[in-house]
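A short worksheet on the structure shown next.
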Amino acid sequence: MQLQAGQPPTKPEIIIFGPPSVFRLYAKQFSEKFRILKHWESSIPLKEFLSIQAQHIQAAICHAGFKVDSDILRFLPSLRLLLTTSAGLNHINLDDCRRSGVLVANSPTIFSVDVADLAVGLLMDVMRKISAANRFVKSGNWAVKGGEYPLGTKLGGKRVGIVGLGSIGLEIAKRLEAFECKISYLSRQKKSSVPYHFYNNVVELASHSNILIICCALNEQTHHLINKEVLLALGKEGFIVNIARGAIIDEKELVHCLQQGIIAGAGLDVFENEPNVPKELLELDNVVLSPHFAVFTEESFRDLFELLVGNLEAFFSNKPLITPVPNGCICFCSIAIHPHHHLTPNLLP
């Protein structure tokens with residue numbers, strides 16, 4: 001239909017699943033550029049809503065807590081683009097998308113700096129007992145017990161094993177080099193562009209490390225990659241940090257190893273069954289916990305909004321996407337391994 005003179009152009013229509021936190025923060029700006037279907041405002045079930053309202057929709061946005069597979073795609077026959085606010089892709093069945101002719105775009109590096117910052121923050125916190133010391137002071141125990149507080153552990157010069165040397169892992173390594181840490185890594189292939197020692201076996205990496213930092217994607221190969229054998233190899237003076245996905249670590253074994261002193265401590269931003277955290281972890285002073293918020297900075301969310309809009313505008317203008325996921329890609333940081341996870345909807349970008 002031809003537009004009348006002076007009539008504003010029709011805004012493209014999209015559907016947003018969730019909604020992701022970035023939409024709640026930038027709802028006005030999104031609405032200025034697109035007409036938005038908001039299924040969460042409807043009282044009818046999602047699939048019925050899609051059948052009635054979304055048959056013509058060509059583009060959608062989801063977050064890492066919203067599963068997209070054939071069971072959803074069959075209600076979106078016109079869909080041609082799926083954007084996820086996450087770097088990880090384990091919530092999207094890429095084979096189903098490919099069969100349905102749906103392009104997928106993610107946010108592969110936009111969060112790398114902020115996630116790396118938090119990883120190092122969690123590591124310093126658990127090693128130097130910062131959060132535990134804070135509780136010690138606020139509880140009044142300092143006044144009662146004086147200087148009787150357990151010693152922490154020095155970060156400088158430690159041997160750090162990074163599981164998954166993608167964009168986040170590289171940012172973490174760069175930060176830890178400033179502490180004169182000795183970096184090793186596990187990845188799908190050896191990277192000729194970095195000077196760090198390469199391992200293709202996670203147990204060997206753990207046995208040669210004082211610290212393990214988990215940065216890889218969650219998929220069938222990495223589910224419970226960090227198991228009892230790995231934790232035993234890390235040892236009683238070893239620390240582990242996870243800013244990737246909770247199910248990469250066998251959480252029951254982790255709890256046991258922390259309780260029994262098999263490893264020294266852990267810094268965890270992610271958990272197997274979020275938002276449910278094992279109560280045993282809540283009781284341990286050698287554990288620092290955060291609510292899956294590594295990407296939660298104002299700067300990251302602004303950049304994410306701009307990336308989502310850029311991808312949508314490219315799609316509706318028949319231009320190349322900014323961050324397309326290649327066909328057949330199952331993760332942005334896959335690794336080799338040695339012989340599902342639910343995310344909190346209101347703590348997702």
Side-chain angles (χ1 to χ4, degrees), residues 115-132 152-155 157-166 168-169 171-173 175-176 179 181-187 196 199 201-218 222-272 274 277-278 280-292 294 333 335 337-338 341:
V115 176
D117 287 347
L118 185 74
V120 175
L122 287 171
L123 179 59
M124 292 191 68
D125 192 330
V126 69
M127 293 184 75
R128 295 301 305 271
K129 304 182 185 298
I130 297 171
S131 290
T153 302
K154 180 179 180 178
L155 172 57
K158 291 296 188 289
R159 292 173 285 122
V160 179
I162 298 177
V163 180
L165 199 68
I168 294 172
E171 290 289 343
I172 292 171
R175 284 153 177 74
L176 292 178
F179 292 89
C181 292
K182 300 173 181 64
I183 310 296
S184 300
Y185 69 99
L186 177 75
S187 191
Y196 316 130
Y199 288 92
N201 181 302
V202 69
V203 175
E204 289 184 7
L205 177 69
S207 67
H208 289 87
S209 300
N210 308 116
I211 297 158
L212 274 186
I213 302 180
I214 313 304
C215 306
C216 62
L218 173 63
T222 61
H223 183 269
H224 284 188
L225 172 69
I226 308 302
N227 55 22
K228 183 178 181 179
E229 185 180 7
V230 176
L231 296 171
L232 286 170
L234 183 60
K236 64 181 182 179
E237 296 181 354
F239 294 85
I240 191 165
V241 170
N242 191 3
I243 42 75
R245 290 291 187 265
I248 296 169
I249 299 179
D250 185 333
E251 200 164 74
K252 290 183 179 179
E253 290 295 345
L254 176 64
V255 168
H256 172 76
C257 288
L258 287 164
Q259 288 178 320
Q260 299 301 314
I262 294 171
I263 65 172
L268 307 172
D269 185 52
V270 290
F271 307 89
E272 277 208 60
E274 297 174 3
V277 177
E280 296 90 346
L281 292 179
L282 305 178
E283 300 165 356
L284 295 172
D285 269 348
N286 61 339
V287 179
V288 178
L289 311 173
S290 57
H292 200 153
C333 181
I335 62 170
I337 66 170
H338 175 76
H341 179 69

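Nothing fancy with the numbering, it's 1 onward along the sequence.
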Do [X] and [Y] come close enough that some side-chain heavy atom pair is under 4.5 Å?
X: Q260; Y: K236; result: no
X: T222; Y: V163; result: no
X: I226; Y: L234; result: no
X: L258; Y: N286; result: yes
X: L232; Y: V203; result: no

Indicate whether any N or O donor in one side chain lies under 3.5 Å from an N or O acceptor in the other, for H223 and E272.
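The answer is no; no qualifying pair exists.
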Check the surroundings of atom CZ in R175: do more than 12 heavy atoms from other residues, nucleotides or ligands lie under 6.0 Å from it?
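Yes, because the 6.0 Å sphere around CZ of R175 holds more than 12 heavy atoms from other groups.
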Counting only heavy atoms not in E237, do more than 12 fall under 6.0 Å of its CD?
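Not buried by this count: 12 neighbours or fewer within 6.0 Å.
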Could you list the residues that satisfy side chain to side chain donor-acceptor pair (under 3.5 Å) with D125, not counting sequence neighbours?
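Counting only residues at least two positions away or on another chain, D125 forms a side chain to side chain donor-acceptor pair (under 3.5 Å) with S131.
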Can you list the residues that meet the ring pair (Phe, Tyr, Trp, His ring centres under 6.0 Å) rule with Y199, with sequence neighbours excluded?
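Partners of Y199 by the ring pair (Phe, Tyr, Trp, His ring centres under 6.0 Å) criterion, ordered by chain and then number, come out as H197, H208.
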Hey, does the side chain of N210 reach the backbone of G238 with a donor-acceptor pair shorter than 3.5 angstrom?
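Not a single qualifying donor-acceptor pair exists.
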Quick one: does any side-chain atom of N242 pair with a main-chain N or O of L268 as donor and acceptor, under 3.5 Å?
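No; zero donor-acceptor contacts below 3.5 Å.
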Run the salt bridge (Lys or Arg N to Asp or Glu O under 4.0 Å) test against E253 and tell me which residues pass, sequence neighbours left out.
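Partners of E253 under the salt bridge (Lys or Arg N to Asp or Glu O under 4.0 Å) test: none.
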